[in-house]
Every structure is written in structure tokens, then in C-alpha cells.
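To start, the structure itself, in C-alpha cells.
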Amino acid sequence: MNSIDPIVMKRRKFWGWGYEGEGVSDAELLDLGSSIRDRFGLKLQDLEAAPTIDEIELRESRVKSKASLEHLLSADKWSRAEHTLGKNLGDFVRGLERKYDNPPDLVAFPEDEGDVVDILDWAEEEGLAVIPFGGGSSVAQGIEPIVPDTFRGVISLDLRKLSRVLEIDRESRSARIQGGVLGPHMEDQLRPHGYSMRFFLQAFEFSSLGGWIATRAAGHFATGFTQIDDYVQSMRVVTPTGVMSSRRLPCDGAGVSDNRMFIGSEGTMGVITEAWMRLQDRPSFRASMSVPFSKFEAGVGAIRALSQSGLYPSNCRLLDPVESLLSGAGDGDDTILIVAFESADHDVTPWMNRALEICREFGGRVESDKPADSSQGAVGRTGAGGRWRNFFVKGPYYKEGFARMGILRETFETACTWSAFPELHARVVEAATKAVKKECGEGAVACRFTHVYPDGPAPYYTVIGSARRGGEVEQWAAIKAAASEAVLEAGGTITHHHAVGRFHRPWYDQQRSDVFAAALTGAKRAVDPGLIMNPGVLVDA
Ligand SMILES: Cc1cc2nc3c(=O)[nH]c(=O)nc-3n(C[C@H](O)[C@H](O)[C@H](O)COP(=O)(O)OP(=O)(O)OC[C@H]3O[C@@H](n4cnc5c(N)ncnc54)[C@H](O)[C@@H]3O)c2cc1C
């Protein structure tokens, strides 16, 4: 048996974000709430109490553990509740309403790949659905055990005990890492070797390597290595028919990519137990600046030029005036472009100077000739960029707070070409604003670019409004539907990095071609003939 690091088994909240007993205080939430109310004219409600486990009722488990697997399986109430809901607004609200309607019957905690094989074999024999679970940070209902009645029950397969960095290849600067490791624990194991993966998505603290690969997550790099796809060298996936293992290669031209058939498979084709991942040296040179623009369009022009300049900034985010106001980065008058560079090898000042020249060419107000640079540490943590970063880092904790305060706040995101962006943006903002007015009365729609590519941006929208207690799920569903229709009609994707899950299925089905849907279904049937893996996600159950 592996020795398990105590952090792996530290109790996580069954509702909300983080470890039990940790997070932001009620006083901080109330402060945040009143400043948002003042900025956006919202109604605040009394801070609702987070649910306690005694208040939750779960239906009886329908499945009895097989004796030989009993040590890996749990029907404990806390575990089942913890594996019932994900982390989108509807999940938080249903948790607050104490509605845990679809708990898994059992939660499995495999300790190695052999255990995963045994659990899948047993599930197939018994007609049980299996839902791989990494950090549970899905915002697309990817881990919620909603499966057809034809299954006798559901197992949530929690990979947290597969949490080790197993091997490092210094020459090829890559590491073999188990799929269940959470971001901070993985970085803790890489740090003594001088490496980092530098893949800091907003949910970094409570999301796993396997989850990132399964959902095609996107990290903090705004250009270049944005998606996890770019980091995967090879992987092992346990499917119900056997193990898919790919060869370690820097690049491979041999037919359809085996890795890419499984990257993004969202638990529907098997369990990612480990992967060889590309690493990076820890940066020692950094520079960061934020540049205000009087007009959003001018900021868009500048960031497009930056994305096509070949400079590849590590951070390159555009915050529209509403996003600046919402995050406290600005006063709501200006669009703000945050640009940063990092390198372990060379001084990045010349890159920054050229980036600032580009900003000036588009009317950006570059206040200093000297970039806020530093050779270590706290770069980008002051000024507008720093205020935005602080809000971003605490964002996951604030999410549960907004639900408790009766503020309807949720996000959606997409990607499109630069040529499609002006129309997409106009249609999305119009549709979402109209829906917010109808559903909430008062509110706002904010936009930022999370990632930019030479051929287009990934716009990310935040909706904020007054919640109607008990009606939040319907309010958000109406706003989300209006926005999603506008996104698809204007040529965008239903998600750049939030995955499809169960929530995005209707729009995902519209955007993909029938031929591709048939190919994907065929591939799934080949590796999962009993269709037990995460039924209903990506293809029909
Ligand atoms: C506040 C917040 C901020 C977020 N920010 C970002 C962001 O910046 N970038 C981004 O890309 N996403 C973001 N997300 C979404 C989410 O964090 C990602 O989708 C993440 O990759 C999910 O990882 P996880 O380990 O939590 O997966 P889970 O939520 O546990 O699972 C997600 C899906 O992957 C499958 N899965 C999980 N592990 C495995 C495995 N080992 N093998 C096979 N299938 C598996 C599950 O079955 C499910 O379908 C955010 C979410 C929240 C709540």
C-alpha cells in the first residue's frame, strides 16, 4: 500500500470551496457584498447559513460493496454528499437549499491503478455507472451522478490517493505524475527539483491533474501554452476494456493522436491514472504592467496586436470597465490591459518595452517608462493588476459567499476569431443584459479576455444581479440560455475551458457535426461497451 500524504486526506467541505473550517470570514463577505451593492445598486439579503451535514438527507445507498473491494469503498454520508454537487451557481444554491437529490451510492478511493481496474470490472459486472472525480471543481455538472435508471447505482471514483510525482526526467524536463494530485500538492513535489508546471488555473487549489486533462483546462498563461493539451507528453488511461498507454514523444505525426483522443474525454472513456507532463524552470525574471484605455475597442486593438506580435506575454488580459469595477481593479471608466512576461532564462524588459509601445500606438495611457519589474516574488501584486489578481485568487471562495448573500453572480466563456468578435460581443452583451434585466431587475454584464491567440480571443463574461431566493437556478438558466444562443449564433464555442459536462450538452450538440458525434460515440463504445463511464456526458447514455 502507498503511504498517503496527510494533506491528501484532509477533510474537504461537502458544500462550498476548500477545506472544512477554512475560507473567507463572514465579515469579509459582508464587506465585499456592501461594496458590490454600492457599485451596482443591488439588493443584499441576509447572509444565509452554510448547510451542516446533519441537515442533509440522502437517499439510501442502493449498492452493497463487494467484500474484496470494501476497503476502497465508502458509503459514509459526508463522502457521498461531497461527491453530489459540483461548483457552479446552481450547485451552490441547491446545496444552500439542502437539496442533495442525486448522491452517488458509493464513493471509491483507489490507491493504485490496479484498484481502478478492479473497481471498473466490478461496476461493469454489477451494472453500475462510474464517475471519475478529481477535485470536484466542475462548473458544468461533470461529476453530478445523474444517470439513467437502467443503472443499478452510481460510484463516484475519487482519485485523491493517486497523488504522487513518481519520476522526473531532467534531460527532457518532464515528470510522471499521478492523475489525482491537486495543484498545490503537485507543485510542492516539483519545487525541490527546481521545476514547476506553471499551470495555474483559477481553481488550482482544488482541481487535479487528471481533471485538467479530462476537461482540457486552460491555465494562467494567456498566450502560448494556454491549454493542458500543450503540456501532455503521454498518458495512461484505464478503460473498461484495458489500459491505453501512449508513447513519450515531444511531438508525434503518427496518424490521429492517441493522447488527443482521451484529452477532453471528461471521464466518458476511462480514468486517467497518470501522465508524463512537460515542466518548466521556475521563472526568475518577470515584468508586469497595467495600461488603461479610454475605449474598449482601443484595448481590443492593442491586445490583438500583442497576440499577433510574437512576443507571447505570460499574462495578457483585457478587463472592460464593468469587470474593472467589479474586481476593484479600476473605477469603471477605463478598459484595463494587464500584460506580464516571465522567464527563467533572460531579462524580459525588452519584450515589455515593445508591448508598451504597442499599447501606446492604440492610445493606451502608459504612465511610466519603467515596467513594474522585479527579479523575484511579488510582481504584479500591486496597482490595478494586483487588485484584479487578489480578487481572482479569492474568487472561488467568494463564489459561495455570493450565493449566501443573495447576489446572483456567475460566469460563462467562449472563444471566437478576431473577425467574429465585434458581432459576437455585441450580441452576447445585448442578450445577456436583456435577460439580466428581466430576471433580476438590476444588474450588469462584464467582459474580460482570459486568453488570446493570434487568430482570436477567449472572452469571459460575468453576470451580476439581485437573486430571487428560491428562484436562482431558474434565473441563471434563463440568462445562460439567452447568452448561449447568442454565442452559438455568432460563431463562438459553448466553452473555451469550462468543459461540456451535463450542463452544456444542448449547445455542444448543436455546435458539433453529426459525423464527428458518430465517430466519438463509436470510439466510446469501443473502449466502454457497457457505457458505464460518466453516462450522459459528451455522448448519449
Ligand atoms: C472557481 C472556479 C474557477 C475555475 N477556473 C478555471 C480556469 O481558470 N480554467 C479552467 O480550465 N477551468 C476552470 N474551472 C473549471 C474546473 O476547475 C476545471 O474544469 C478543472 O479542470 C476540473 O478539474 P477537477 O480535478 O476538479 O475535475 P472534476 O471536477 O473532479 O471532474 C471534471 C470532469 O473530469 C472528469 N475527470 C476528473 N478526473 C478524471 C480522471 N482522472 N480521469 C478521467 N476523467 C476525470 C470527471 O468525470 C468530470 O467529467 C474553474 C472552476 C471553478 C469552480
Side-chain angles (χ1 to χ4, degrees), residues 86-87 132-140 142-143 159 162-163 165-166 172-187 189-190 195-237 244-252 257-280 312 314-315 342 396 413-415 450-453 458 460 493-501 504 508 534 537-538:
K87 300 285 185 278
F133 185 104
S137 68
S138 171
V139 284
I143 53 90
L159 279 306
L162 273 65
S163 64
V165 172
L166 298 169
S172 317
R173 213 177 55 176
S174 32
R176 181 157 76 95
I177 308 176
Q178 289 186 305
V181 70
L182 297 187
H185 192 212
M186 179 188 76
E187 286 291 328
Q189 295 175 74
L190 293 174
Y195 293 127
S196 167
M197 198 149 90
R198 303 208 63 66
F199 187 78
F200 300 118
L201 68 168
Q202 195 188 15
F204 175 72
E205 255 189 295
F206 292 97
S207 59
S208 67
L209 175 68
W212 303 340
I213 298 174
T215 60
R216 304 188 64 200
H220 76 297
F221 281 125
T223 69
F225 268 39
T226 57
Q227 277 186 303
I228 198 71
D229 311 31
D230 304 322
Y231 296 70
V232 178
Q233 192 179 73
S234 75
M235 55 205 273
R236 284 181 71 83
V237 187
M244 180 325 271
S245 159
S246 61
R247 198 169 269 234
R248 285 187 64 202
L249 294 164
C251 184
D252 180 16
S257 162
D258 43 11
N259 285 339
R260 282 180 188 263
M261 269 202 62
F262 288 86
I263 295 174
S265 56
E266 301 194 23
T268 62
M269 290 169 66
V271 182
I272 299 159
T273 50
E274 61 176 63
W276 273 96
M277 301 299 294
R278 301 186 176 110
L279 302 178
Q280 311 208 21
Y312 295 111
S314 51
N315 197 357
E342 61 173 58
E413 38 80 61
T414 182
T450 57
H451 302 84
V452 284
Y453 303 90
Y460 186 103
T493 169
I494 192 59
T495 178
H496 168 266
H497 60 261
H498 278 173
V500 175
H504 285 143
Y508 173 65
N534 214 356
V537 171
L538 297 184

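Along the sequence shown, the residues carry numbers beginning at 1. As a basis for the values below, the full set of heavy atoms in this structure was taken, side chains included, without hydrogen atoms, waters or symmetry mates.
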Residue list, ring-ring contact (aromatic ring centres under 6.0 Å, His included) with His496, at least two apart or on another chain = His451, Tyr453

Side-chain contact, heavy-atom cut-off 4.5 Å: Ile263 with Gln227?
-> no

Measure across Gly136 and Lys87 and return the closest heavy-atom pair with its distance rounded to 0.1 Å.
-> O-CG, 3.4 Å

Tell me, do Ile177 and Met186 make a side-chain contact under 4.5 Å, heavy atoms counted?
-> yes

Do you know which two heavy atoms are closest between Pro132 and Asn534, and how far apart they sit?
-> CD-CB, 4.5 Å

Would you call Glu413 and Thr495 a side-chain contact if the rule is heavy atoms closer than 4.5 Å?
-> yes

How about Arg247: does its CZ atom have over 12 heavy atoms from other parts shown lying under 6.0 Å from it?
-> no

Interatomic spacing from CZ in Arg198 to CG in Leu279 - rounded to 0.5 Å = 12.0 Å

Looking at side-chain heavy atoms only, is the closest gap between Leu159 and Ser208 below 4.5 Å?
-> no

Heavy atoms of Gly224 and Asp230 approach each other most closely as O-OD2, 3.8 Å

Closest approach of Gly210 and Ile272, non-hydrogen atoms and distance?
-> O-CD1, 3.7 Å

Report yes if the side chains of Glu274 and Leu162 come closer than 4.5 Å at any heavy-atom pair, otherwise no.
-> no

Atom pair CG/CD of Leu249 and Gln233 - distance to nearest 0.5 Å | 8.0 Å

Say you draw a straight line from CD of Gln178 to CG of Leu209; how long is it, rounded to the nearest 0.5 Å?
-> 10.0 Å

Side-chain donor-acceptor contact under 3.5 Å, Ser174 with Arg248 = yes

Under the criterion side-chain hydrogen bond (donor to acceptor under 3.5 Å, both in side chains), which of Asp258, Asp252, Asn259 is the partner of Ser246?
-> Asn259

Would you please test Met277 and Val165 for side-chain contact (heavy atoms from CB on, under 4.5 Å) and show each step?
-> CA-CA 10 Å; Met277 301 299 294; Val165 172; over 6 Å; no

CZ (Arg236) and CE (Met244) are apart, to the nearest 0.5 Å, by 9.5 Å

Taking all non-hydrogen atoms of both residues into account, name the closest pair between Ala275 and Ile213 and its distance.
-> CB-CD1, 3.8 Å

Side chains of Met197 and Glu187: does their closest heavy-atom pair fall under 4.5 Å?
-> yes

Taking the side chain as every heavy atom from C-beta outward, state whether Asn315 and His220 have any atom pair closer than 4.5 Å.
-> no

Show your working on side-chain contact (heavy atoms from CB on, under 4.5 Å) between His497 and Leu201 and close with a plain yes or no.
-> CA-CA 10 Å; His497 60 261; Leu201 68 168; over 6 Å; no

Is the His498 ring parallel, tilted or perpendicular to the Tyr460 ring (thresholds 30°, 60°)?
-> perpendicular

Sequence neighbours excluded, which residues qualify as ring-ring contact (aromatic ring centres under 6.0 Å, His included) partners of Phe206?
-> Trp17, Tyr19

Within the side chain of Glu342, is there an N or O that forms a donor-acceptor pair under 3.5 Å with the backbone of Ser314?
-> no

Donor-acceptor pair, Thr226 side chain versus Ala218 backbone, under 3.5 Å?
-> no

Is there a donor-acceptor contact under 3.5 Å from the side chain of His504 to the main chain of Ala499?
-> yes

Result for ring-ring contact (aromatic ring centres under 6.0 Å, His included) between Phe225 and one of Tyr231, Phe200, Phe199 points to Tyr231

Calculate, to the nearest 0.5 Å, the distance between atoms CG and OH belonging to Leu190 and Tyr195 respectively.
-> 10.0 Å

Between the OG atom in Ser137 and the CZ atom in Phe204, the distance rounded to the nearest 0.5 Å is 12.0 Å

Which residues satisfy the side-chain contact (heavy atoms from CB on, under 4.5 Å) test with Ser265, sequence neighbours excluded?
-> Phe262, Thr268, Met269

Can you see which heavy atom on Ser138 is nearest to which on Gly142, and at what distance?
-> OG-N, 2.9 Å

